[in-house]
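Order of the sequence lines fixes the chain letters, A, B, ..., with proteins taken first and strands second; residue numbering starts at 1 for each chain.
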Amino acid sequence: MTNHAGGVEGLPREKVEQFDRELSRILDRYPPDRKASAMIPALRLGQTLFGYVSPAVQALAAERLGTSPARAEEVATFYVMLETHPFGKHLVEVCTSVSCSLSGGDRLWGYLQQKLALAGAGSTPDGRFTLREAECLGSCGTAPAMLVDEEMYEQLTPQKVDQILGGLK
Amino acid sequence: MSETLILSARWGKPGSAKLENYRADGGYQALDKALGMEPVAVVEEVKKSNLRGRGGAGFATGLKWTFLPKDIRPRYLTVNADESEPGTFKDRYIMEHDPHMLLEGIAITCLALDIHLAYIYIRGEFAKQARALEAAIAEARAAGIIGPRLLGKKDFALDVHVHRGAGAYICGEESALLESLEGKKGYPRLKPPFPAVVGLWGKPTIINNVETIANVPWIVQHGGEAFAALGVGKSGGTRLFGVSGHVNRPGVYEKPVAYNLKKLIMEDAGGVLGGRKLKAVIPGGSSAPVLAAHEIDISMEFDAVKAAGSMSGSGGVIVFDESACMVRALARLARFYAEESCGQCTPCREGTNWMEGMLHRIEAGHAGAADVARLEQVANSIAGNTICALGDAAAMPVQSFLKKFKPEFLAHCELRRCPCGDTAWGLTQEPRDAVAGPMRYAR
Ligand SMILES: Cc1cc2nc3c(=O)[nH]c(=O)nc-3n(C[C@H](O)[C@H](O)[C@H](O)COP(=O)(O)O)c2cc1C
Ligand code: SF4
Ligand code: FES
């Protein structure tokens, strides 16, 4: 499994080895002739290890799962949690769907833009934060909610947001 | 009279997600009972229970199970844990606080339907819930409850796996879910054939919502008739109703299926914020047609809500008080559907974008009465003309908001601005104490 195909060459070797080790555990969940089913988990693993789902990561996943890079690209561009471009060290996603906005989500979105000196979705110049709006996160009763680096925070106020962001490395 | 709690009784108990505690509370006894029953007898109990799907459509679960072709193997079970419809937040608590109940439901369902491989498709944003499920599966496997033998007693191999999505509402639609589980983008399939006949990897597949399957152990333990008796007519059991928006005590309430909507909002959820008047209620997730304040004295049972012109859908109740701007709310909903349309069919892809754009202009006061009329036309031309139900789901809010709150839309056109200005989301927008079954979340 260590021969690197096509666009995979640019990726650091130890990380590719780690990718292969972790992917083999993921593949236990699918029948051996259905490896391509692991495309989403494989690309998420790639995003964790290599920072984002670059064309090289897409090629790596496609090759390991015995499918085409076109399939990997189609998946990488369809799902909002898969990033095909580099993004900030911390990803902050504020829910502004209806139930959250009725409980302050929309104001929180405004507060975060102000706090990070951004006008709308985007990344801070130092690359520390990427901010964007999210659709309903399934936490409408404990609104407003946000995800920071894929962990959920609920019943938010500006003070709580300050604490959460302040506690990040 | 004490209320029967099937789904939320154990939430919040210390270590409720742990196998030993689940067993101490009687867990996996229903599976043990099912092992001594004929598979058809289990299906018969579920039919008798009048359990209807809790994912949105309210389809009779036992009936769906009988659609599996008799002689094709393998068959699969996929549990729908995508929970992405705005206003819906119930399945997450089952997975967080009682994952073994779901797992026991999966094991019984698989046993009854001769299924040996099941997937739980969970939305990517539910990291904590996915971890809870994975831990429960590992415990059940180590204890020999699933794996090569069920409960260590019967040679019946069962594997259960968690498959995490990556952010796409459309993957809650059952055929898009299957595409996603096959490692593709979430494009819904043309139906028929239905998944029960041609599903995952081309094989017969049963797809049920988390809450639906979590009811199965109770039904086996207490009998289908006891479950049916909790409801009315062709709907049995209790449901997890999520109440969010402008109420004093938002949260998840487990109530009999036919519970009164007004009581749920005014009593259980503590009534409308700030003592203000109620303006509107979306009774079953964001796709359900909106009800005006005077229309909410109804049973939440599927057919009753339908008779009132809406849907009880996912049981997600969104409450608006009189200070909320309905145009702002609809504009935000329209953005959701435009964002989440998979883009496969023209009426949905183009229509949802148009509606979003028009509503944005109306809200900002940059539109006239003719635009409001056009908005209605666009919604009408999406409905019924698409591959999956997302098209209808996008059209229904627009049609119903216009039917019930048209003067607000026209006022935006006349004034050339939002009459509510900065407080379009309502006068009070602070988080409140919330509940989920027996649990309390202090703000
Ligand atoms: C656009 C769309 C989104 C859906 N999202 C969900 C969802 O998040 N969870 C769910 O259980 N069902 C969802 N459904 C319904 C499923 O397609 C399916 O009917 C359901 O999972 C069947 O399970 P049940 O019979 O137990 O309700 C959705 C349907 C549509 C059209
Ligand atoms: S109705 Fe919309 S979401 Fe459904 S298949 Fe068509 S474009 Fe995709
Ligand atoms: S609307 Fe924000 S979590 Fe549901």
Just wondering, do [Y] and [X] contact through their side chains at under 4.5 Å, heavy atoms?
| X | Y | answer |
| --- | --- | --- |
| B:K184 | A:M39 | no |
| A:C140 | B:P250 | no |
| A:S103 | B:R432 | yes |

Measuring heavy-atom distances to chain B, does [X] have an atom under 4.5 Å in its side chain, in its backbone, in both, or in neither?
| X | value |
| --- | --- |
| A:L137 | both |
| A:K35 | neither |
| A:L65 | neither |
| A:T96 | both |

Check ion pair [X]-[Y] (N to O, under 4.0 angstrom):
| X | Y | answer |
| --- | --- | --- |
| A:E154 | B:R92 | yes |
| A:E73 | B:K185 | no |
| A:D106 | B:R332 | no |
| A:R71 | B:E182 | no |

Segment of B:E340 engaging chain A (4.5 angstrom heavy-atom cut-off): side chain
The side chain to side chain contact (heavy atoms under 4.5 Å, CB included) partner of A:E135 among B:F336, B:Y169, B:Y337 is B:F336
Shortest non-hydrogen contact from A:E150 to B:A127? O-CB, 3.7 Å
Can you tell me how the ring of B:Y119 sits relative to the ring of A:Y30, calling it parallel under 30°, perpendicular over 60° and tilted otherwise? parallel
Distance, nearest 0.5 Å, that separates CZ of A:R34 from CG of B:L200: 8.0 Å
From OG (A:S99) to CZ (B:F320), nearest 0.5 Å: 7.0 Å
Please answer whether the main-chain N or O of B:R164 pairs with a side-chain N or O of A:R44 as donor and acceptor at a distance below 3.5 Å.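 Side chain of A:R44 to backbone of B:R164: no pair is present.
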Main-chain N/O of B:L181 paired to A:S37 side chain as donor or acceptor, under 3.5 Å: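 Judged by distance alone, yes, a pair lies under 3.5 Å.
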Evaluate the side-chain contact (heavy atoms from CB on, under 4.5 Å) criterion for residues B:E430 and A:R107: first the C-alpha distance (whole Å), next the side-chain angles of each, then the deciding distance (0.1 Å), finally the verdict. CA-CA 10 Å; B:E430 280 70 50; A:R107 285 186 183 169; 3.6 Å; yes
